[in-house]
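Below is one structure, written out as structure tokens, with a few remarks after it.
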Number of protein chains: 2
Amino acid sequence: MSVSAKAFNALGDPTRRFIFEKLRDRPLAVVDIADGLPVSRPAVSQHLKVLKEAKLINLKIVGNKNIYEVNREGILAMRNYLDRFWSEALDNFKKLAEQTEKENKQE
Amino acid sequence: MSVSAKAFNALGDPTRRFIFEKLRDRPLAVVDIADGLPVSRPAVSQHLKVLKEAKLINLKIVGNKNIYEVNREGILAMRNYLDRFWSEALDNFKKLAEQTEKENKQE
DNA sequence: ACTTACGGTAAGTTTATACTTACGGATAAA
DNA sequence: TTTATCCGTAAGTATAAACTTACCGTAAGT
């Protein structure tokens with residue numbers, strides 16, 4: 001599974017998007033991330049694992065605290081996927097247009 | 001629910017990503033999209049509905065055929081979300097750094 | 001040393017969602 | 001004007017994934 005696929009999957013869940021956006025403001029320890037969320041702390045841990053494997057966040061262990069912060073890598077992977085997707089779609093669109101034009105002249 | 005949230009949710013599913021990428025090559029009717037996929041045609045219809053509501057594809061009805069094609073709007077919504085996300089994360093990072101510096105001088 | 005705070009993982013439950021079959025309406029072909 | 005093709009929706013099922021409680025190890029305070 002590619003990084004971008006993992007990232008899309010990770011951000012597909014609203015709770016994970018919420019956590020991700022919380023970390024946009026500042027790096028936070030797990031308890032602080034869980035604070036205010038309507039789910040248990042272990043649930044948050046599981047979400048963090050998914051976000052981390054998608055390279056959307058990374059971990060810094062400081063003493064007994066696990067500090068998570070946003071990671072650009074996953075963001076870039078998605079961005080690149082989208083940019084490439086659209087440029088390829090445009091290319092294909094042009095090719096199809098040319099082909100259709102040829103077929104029309106033949107008739 | 002915002003367009004970008006819907007789009008992330010839509011591309012979170014591997015079958016929908018597959019369909020989306022199939023439509024990148026060319027616009028296709030529903031039967032042609034379903035052809036080769038390991039799921040039933042109604043399942044494909046349901047996926048198409050989700051992708052359509054996320055503005056990732058749109059529909060052109062031609063006779064009795066429903067032709068789906070990629071739509072840039074959903075793609076742009078995600079791209080904008082990611083770009084803004086990262087620039088805001090950078091801003092916050094700078095502010096935090098300045099604040100930390102001040103606190104260090106005070107001590 | 002003891003106690004408290006932090007947080008990951010395991011195991012099981014619940015809920016969401018992806019899927020199926022069955023159906024019906026609309027257009028196109030015979 | 002039948003008959004076939006196309007495809008959306010409804011209803012129910014099956015599966016995935018989000019969640020819970022319980023537990024344990026580690027680090028930090030007392």
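Treat the numbers as computed from the prediction; the structure is a model and nothing was measured. Throughout, a chain's letter reflects where its sequence line sits, starting with A, and its residues are numbered from 1.
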Can you measure [X] atom [atom1] to [N] atom [atom2] for me and round it to whole angstrom units?
X	N	atom1	atom2	result
B:Leu48	D:dT9	CG	C1'	14 Å
A:Ile61	C:dC6	CD1	C1'	12 Å
B:Lys6	C:dT17	NZ	P	14 Å
A:Lys49	D:dC19	NZ	C1'	15 Å
B:Leu51	D:dC7	CG	C1'	16 Å
B:Leu59	D:dG8	CG	C1'	11 Å
B:Asn66	D:dT5	CG	P	17 Å
B:Met1	C:dA16	CE	C1'	13 Å

Who else is in B:Met1's hydrophobic cluster (ILVMFWY, side-chain heavy atoms under 4.5 Å, direct or via others)?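 Its cluster partners, ordered by chain and number, are none at all.
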In B/S/- notation (B base, S sugar-phosphate only, - none; protein heavy atoms under 4.0 Å), nucleotides 18-30 of chain C written 5' to 3' is SBBBB----BS--
Partners passing side chain to side chain donor-acceptor pair (under 3.5 Å) against B:Arg17 (at least two apart in sequence or in another chain):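 B:Arg17: no side chain to side chain donor-acceptor pair (under 3.5 Å) contacts found.
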Output every pair passing ring-ring contact (aromatic ring centres under 6.0 Å, His included) with a member in residues 64-86 of chain A, not counting sequence neighbours, ordered by first then second residue.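 Listed by first then second residue: A:Phe8-A:Tyr81, A:Phe85-B:Phe20.
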With sequence neighbours excluded, tell me which residues meet side-chain contact (heavy atoms from CB on, under 4.5 Å) with [X].
X	result
B:Ser2	B:Ser4, B:Ala5
A:Glu53	A:Lys49
B:Ala54	B:Lys6, B:Ala7, B:Ala10, B:Leu56

Can I get a per-line list of side-chain donor-acceptor pairs under 3.5 Å for residues 29-45 of chain A, giving both atom names and the distance, sequence neighbours left out?
residue: A:Ser40; atom: OG; partner: A:Ala43; partner atom: N; Å: 3.4

Short of 4.0 Å, heavy atom to strand atom, which residues of residues 21-37 of chain B count as contacting DNA chain C?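 Result for residues 21-37 of chain B: none.
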Which heavy atom of A:Gly74 sits nearest a heavy atom of A:Val3, and at what distance?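 Taking A:Gly74 first and A:Val3 second, the nearest heavy atoms are CA-CG1, 4.2 Å.
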Which atoms form the tightest heavy-atom contact between A:Leu96 and B:Arg26, and what is the distance?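 So the minimum-distance heavy-atom pair works out to CD2-NH1, 3.3 Å.
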DNA chain D in dot-bracket form (Watson-Crick or G-U pairs under 3.5 Å, [ ] crossing, | inter-strand) is ||||||||||||||||||||||||||||||
Those residues that, when tested against A:Asp91, pass salt bridge (Lys or Arg N to Asp or Glu O under 4.0 Å) (two or more places apart):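 Expected list: none.
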Going by the rule salt bridge (Lys or Arg N to Asp or Glu O under 4.0 Å), which residues pair with A:Asp83 if we only count those two or more places apart in sequence or in a different chain?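 Checked A:Asp83 against salt bridge (Lys or Arg N to Asp or Glu O under 4.0 Å); matches are A:Arg79, B:Arg79.
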Distance test, side-chain N/O of A:Tyr68 to OP1/OP2 of C:dG8, below 4.0 Å: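 Indeed, a polar side-chain atom of A:Tyr68 lies that close.
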